[in-house]
*Asks:* 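A single structure is presented below for examination.
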Amino acid sequence: MQASETTPLTYSNSSSSYPSSTLSTAEESSEESDVEDNENNLKGEVSEEDILGRKLIACNNNEELECLVIRRSLDISFHPPGSSATRSRFPKLAGMTHRFTSSRRTRKEDQSLFQKMVVMVSLALLGLLIIFVLLEVSSIVIGPPSEPIGPYKLVEVQVGEDFFNHYVFYNGLDSEGSKGYVSYVSKDQAFELNIANVTWEDADPSIYCGNSSDAMQENTMKIQNESLKEPFVYMSTSPTDAGPRNSVRLEGLRRFNRGLFILDLRHMPAGCATWPAFWLTDEPNWPVNGEIDILEGVNMQTEAKTAMHTTKGCDMYDVPLGVSTGYWDTAVGVPKKNGDLDMTVREARNCFVYDPHQWLNQGCVAINDEDGTIGVPLNEKGGGVFVLEWDPINRFIKSWVFAPHSNVPDNLRRSIESANDKESTNKVRPDPRTWGLPYAYFPIGVGTGCDANHFRNMHLIFNLALCGSVAGNRFFLDCPDLKKEYGTCENYVKANTPSMDDVYWKIRGVYVYQREWERSWVN
């Protein structure tokens, strides 16, 4: 039968046809009769599912009519569509009915889900807007975070009788890595052997004069009138019957993660077999927490150098031009794995202690361009001032040497003088920007080849080693005449020659500054 010959079923959805939620008995009987008549006309022409589908469509979403049609089609009076009774009697019709009603419910659910998603996205955007507004307000009300970027403030003065209170005396043999031909002694032993002491001496007017002859004359008169004396810290060695000399190794009590470290030095251990050092490290976590050698002398070397030692991932290949006056140490003749020697000359820019193209534990080493800044020539000048600036916030580590003391910049000289004056209430703050270029410049931190975390939790160390893995291994190169006479570095030390009397530290003081904390968005 064609569609045009079929009488369509229509059901009114008006309120006049169904004034209440429940149909009257007469109306229900009339409607049921009409449904039966149409069912009879349609049977045999179309499937039961199609008949029911057309009836439901004709209900125009009237739930009461739909319920009536479904009940009559399935011949039930109270079971809802899709119940077990319906499915057992008319499985095809029940399945079709379930799909029809389910799809209509799914569309409603989809619409509800979409509305919920819109609400959630709107709330998220609102939350982000609130956070942005709060950040903007906090920058005005609270201000930027606090960082150590302010002027330098004096945090530690190591001078005179108080000097040794900032350290502990290491007691024992030298480390396995250094293997120095010494035996470090305790504090009591050091003072008993007189290889550690504090001596008061007449002040030297030339130290205070700077570059001005008028200032020298003024200071000379002041010293003479006031009979000024200064305390100096001495550390040296003494012989033993066993051979290795008694010596001193001081390890600082305070740990640092940044700072400006100033050493006013009047004499350093120098000459063949000597290996003194003033440095920063964290021995239990070496080389993870790094090492910075501020001052290190080996045998007859006369040029100051700063060396840094780290784990892998710290190099100095990105140092900007024009930021320092020094140059890089080199490595050549390094043994390869196959036993051959690598004769390629390379700059020692990799701080990794096990870099395969540098000497073992060579690290990255910057050398002062001026001769006579360590060793015997430095002692002949009366010493000098060594400075290390470790500033991870400003992303660098710098080193200076000023020798003799007449070359010390005015700002630095006045900073040291005011630090030594306990009664002074107006301490001069050091300003490295006024000192000229450093001889060593190591970029560290974000945007460099060396993460600033390679250097942390370090303390200051003074030690006086003899021979060992560096000075001993270089003994035949640096001291060929003594090599011929004594054969080895250790035999030379054991001979206790008069030259050993000149192997000592003489220190006026160590001064440590740190930047004050200030609020700033820029680091």
*Asks:* Would you check if there is a donor-acceptor pair between the side chains of Thr373 and Asp371 at a distance under 3.5 Å?
*Replies:* no
*Asks:* Can you name the one residue among Leu466, Val503, Thr237 that meets side chain to side chain contact (heavy atoms under 4.5 Å, CB included) with Pro269?
*Replies:* Val503
*Asks:* About how many Å separate CG of Asn407 and CH2 of Trp435, when rounded to the nearest 0.5 Å?
*Replies:* 14.5 Å
*Asks:* If you round to the nearest 0.5 Å, how far is CE of Met268 from OH of Tyr504?
*Replies:* 12.0 Å
*Asks:* What do the steps show when you test Gln301 against Glu303 for side-chain hydrogen bond (donor to acceptor under 3.5 Å, both in side chains), and what is the final call?
*Replies:* CA-CA 6 Å; Gln301 292 180 0; Glu303 295 175 320; over 6 Å; no
*Asks:* Against the six-membered ring of Tyr152, is Arg515 placed for a cation-pi contact (under 6.0 Å from the centre, within 45° of the normal)?
*Replies:* yes
*Asks:* Report the distance from atom CD1 of Ile507 to atom CG of Leu250, rounding to the nearest 0.5 Å.
*Replies:* 8.0 Å
*Asks:* Establish, from distance only, whether the side-chain atoms of Thr448 and Asp318 form a donor-acceptor pair under 3.5 Å.
*Replies:* no
*Asks:* Heavy-atom distance under 4.5 Å between the side chains of Tyr492 and Phe475, does that happen here?
*Replies:* yes
*Asks:* Under 3.5 Å, is there a donor-acceptor pair between the Glu283 and His459 side chains?
*Replies:* yes
*Asks:* When the ring planes of Phe402 and Trp400 are compared, do they come out parallel, tilted or perpendicular, using 30° and 60° as the limits?
*Replies:* parallel
*Asks:* Is any side-chain heavy atom of Pro231 closer than 4.5 Å to a side-chain heavy atom of Arg508?
*Replies:* yes
*Asks:* Testing Arg249, Glu251, Met235 one by one against Phe462 for a side chain to side chain contact (heavy atoms under 4.5 Å, CB included), which residue passes?
*Replies:* Met235
*Asks:* Taking SG to SG, are Cys364 and Cys351 separated by less than 2.5 Å?
*Replies:* yes
*Asks:* Testing the basics here: between Asn496 and Pro239, what is the closest heavy-atom pair and its distance to 0.1 Å?
*Replies:* ND2-CG, 3.7 Å
*Asks:* Does the Lys NZ or Arg CZ of Lys506 fall within the cation-pi geometry relative to Phe232 - under 6.0 Å from the ring centre and within 45° of the axis?
*Replies:* yes
*Asks:* Determine the minimum heavy-atom distance between Pro276 and Trp505, stating which atoms define it.
*Replies:* CB-CZ2, 3.5 Å
*Asks:* Rounded at 0.5 Å granularity, tell me how far OG1 in Thr281 sits from CH2 in Trp279.
*Replies:* 5.5 Å
*Asks:* With sequence neighbours left out, which residue pairs that include part of residues 301-337 fulfil the disulfide (SG to SG under 2.5 Å) condition?
*Replies:* Cys314-Cys450
*Asks:* Taking the basic N atoms (NZ, or NE/NH1/NH2) and the acidic carboxylate oxygens, is any pair closer than 4.0 Å for Glu490 and Lys494?
*Replies:* no
